[in-house]
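Because the structure is predicted, anything quoted here is derived from the model rather than measured. Excluded from the calculations below are hydrogen atoms, water molecules and symmetry mates; all remaining heavy atoms, backbone and side chain alike, are included.
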Amino acid sequence: MIIGVLALQGDFREHIWSLQRLGVEAFAVKSVSDLERIDGLIIPGGESTSIGRIAKVTGVGEKIVELAKQGLPIYGTCAGMILMAKRIVDHPDQYRFGLMDIAVRRNAYGRQIDSFETYLDVENIGRVKAVFIRAPMVVEVSDNVEVLARYENVPVLVKQGNLLASSFHPELTDDLRIHAYFVKMVADQHESVR
């Protein structure tokens with residue numbers, strides 16, 4: 001089982017280290033051919049506009065959409081969540097993968113200086129530390145989207161079938177349980193296609 005981390009821009013190294021600490025083979029995905037080698041994908045935090053722009057011109061974005069429709073497990077954190085949302089309310093024309101039935105607002109928790117840490121109660125996982133940095137806010141979820149955690153009653157960790165997204169950065173803490181949850185999603189999918 002191999003999990004790729006999209007490495008067009010952003011904090012992809014931290015996700016790779018988290019996966020490796022769980023004993024999972026992980027590598028930086030930079031091209032369409034890289035995407036053909038993986039069983040799961042993490043889209044990291046960073047600049048959603050930059051990641052989207054590079055993904056569009058390289059064809060990586062189109063391939064991600066195709067693989068998601070085929071059932072590839074994908075986890076987007078922060079900017080990754082923005083790119084996975086079907087709608088970005090404050091930047092409706094921004095390129096995105098549009099995979100999940102959610103609407104988000106970029107930087108809704110404030111600027112870099114407003115970054116904060118808190119604890120969240122996550123369904124089936126327990127209490128975890130969460131780091132929010134210029135985080136997107138989920139302002140709308142469809143009935144087919146499962147809310148796994150909330151902050152101040154707003155969804156911050158959501159799941160829809162093979163797709164997972166969080167407003168926060170689990171890769172910036174020592175707690176590997178969110179990554180382990182995604183690894184299990186990938187392992188379950190990996191087993192089901194064998």
Side-chain angles (χ1 to χ4, degrees), residues 1-8 10 12 15-16 18-20 22-46 48 51-52 55-56 59-88 95-104 120 122-125 128 136 138 140-150 155-171 176-194:
M1 186 174 77
I2 304 173
I3 297 180
V5 181
L6 192 63
L8 303 180
F12 58 91
H15 281 290
I16 291 174
S18 294
L19 291 167
Q20 289 174 338
L22 288 168
V24 175
E25 186 176 350
F27 76 102
V29 168
K30 297 181 177 177
S31 67
V32 170
S33 60
D34 288 340
L35 286 166
E36 292 167 353
R37 299 175 42 206
I38 59 173
D39 301 299
L41 177 69
I42 292 178
I43 303 170
S48 64
I51 297 171
K56 183 179 180 183
V60 164
E62 189 178 338
K63 185 67 177 177
I64 288 172
V65 172
E66 178 189 324
L67 292 171
K69 288 179 181 171
Q70 293 171 4
L72 182 78
I74 300 177
Y75 174 28
T77 61
C78 197
M81 171 187 260
I82 294 169
L83 288 160
M84 290 174 71
K86 284 215 172 140
R87 198 159 66 90
I88 305 169
Y95 175 80
R96 58 194 171 278
F97 308 139
L99 304 173
M100 296 185 78
D101 294 324
I102 58 174
V104 300
L120 304 171
V122 179
E123 193 171 315
N124 300 323
I125 293 178
V128 301
V138 176
E140 198 176 292
V141 293
S142 295
D143 292 341
N144 56 343
V145 176
E146 187 180 356
V147 177
L148 301 178
R150 296 175 184 270
V156 291
L157 179 63
V158 291
K159 181 175 184 286
Q160 182 181 357
N162 56 313
L163 308 171
L164 183 70
S166 64
S167 300
F168 56 92
H169 293 264
E171 77 281 7
L176 297 173
R177 288 177 294 166
I178 301 284
H179 283 89
Y181 182 89
F182 179 65
V183 169
K184 184 173 183 325
M185 284 175 60
V186 177
D188 290 347
Q189 176 69 14
H190 192 66
E191 286 302 313
S192 72
V193 296
R194 286 189 159 199

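Val5 places a side-chain heavy atom less than 4.5 Å from the side chain of Leu19. For the pair Arg87 and Glu140, the minimum side-chain heavy-atom distance is below 4.5 Å. Using a 4.5 Å cut-off on side-chain heavy atoms (C-beta onward), Phe182 and Pro170 make no contact. Counting heavy atoms from C-beta on, the side chains of Ile64 and Leu72 never come closer than 4.5 Å. With contacts defined as side-chain heavy-atom distances shorter than 4.5 Å, the pair Ile43/Ile74 qualifies. Proximity of Tyr75 to Ile178: side-chain heavy atoms (C-beta onward) are separated by under 4.5 Å at one or more points. Contact check for Phe12 versus Ile42: no side-chain heavy atoms found under the 4.5 Å cut-off. Within the 4.5 Å cutoff, side-chain heavy atoms of Ile102 are placed close to those of Met81.
Looking only at distances, no side-chain donor or acceptor of Glu25 sits under 3.5 Å from a matching main-chain atom of Ile3. Although no hydrogens or angles enter the test, the distance criterion places no donor-acceptor pair under 3.5 Å between the side chain of Lys184 and the main chain of Val186. Checking side-chain atoms of Arg177 against main-chain N and O of Ile125 turns up a donor-acceptor pair under 3.5 Å. Side chain of Asp39 to backbone of Ile2: a donor-acceptor contact under 3.5 angstrom is found. Without hydrogens or angle criteria, Ser142 side chain to Asn144 main chain gives no donor-acceptor distance under 3.5 Å.
Partner of Val104 under the side-chain contact (heavy atoms from CB on, under 4.5 Å) criterion, chosen from Val138, Val158, Leu83: Val138.
In this structure, Pro44 and Ile51 approach most closely via the heavy-atom pair O-CD1, 4.0 Å. Taking all atoms of both residues into account, the shortest heavy-atom contact from Asp34 to Ala28 is OD2-O, 3.8 Å.
Counted by atom type alone, Asn162 and Gln189 present zero donor-acceptor pairs between their side chains at under 3.5 Å.
Atom NZ of residue Lys159 and atom CE of residue Met100 lie 9.0 Å apart, to the nearest 0.5 angstrom. Of the inter-residue distances, the one linking Arg37 atom CZ with Phe27 atom CZ reads 4.0 Å to the nearest 0.5 angstrom. We find the CG-CG distance between Leu120 and Leu157 to be 8.5 Å, quoted to the nearest 0.5 Å.
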(request) Please lay out, stage by stage, how Glu62 and Lys56 fare under the test salt bridge (charged side-chain N to carboxylate O under 4.0 Å, His left out). (result) CA-CA 7 Å; Glu62 189 178 338; Lys56 183 179 180 183; over 6 Å; no
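Counting non-hydrogen atoms of neighbouring residues, nucleotides and ligands closer than 6.0 angstrom, the NZ atom of Lys86 exceeds 12 such neighbours.
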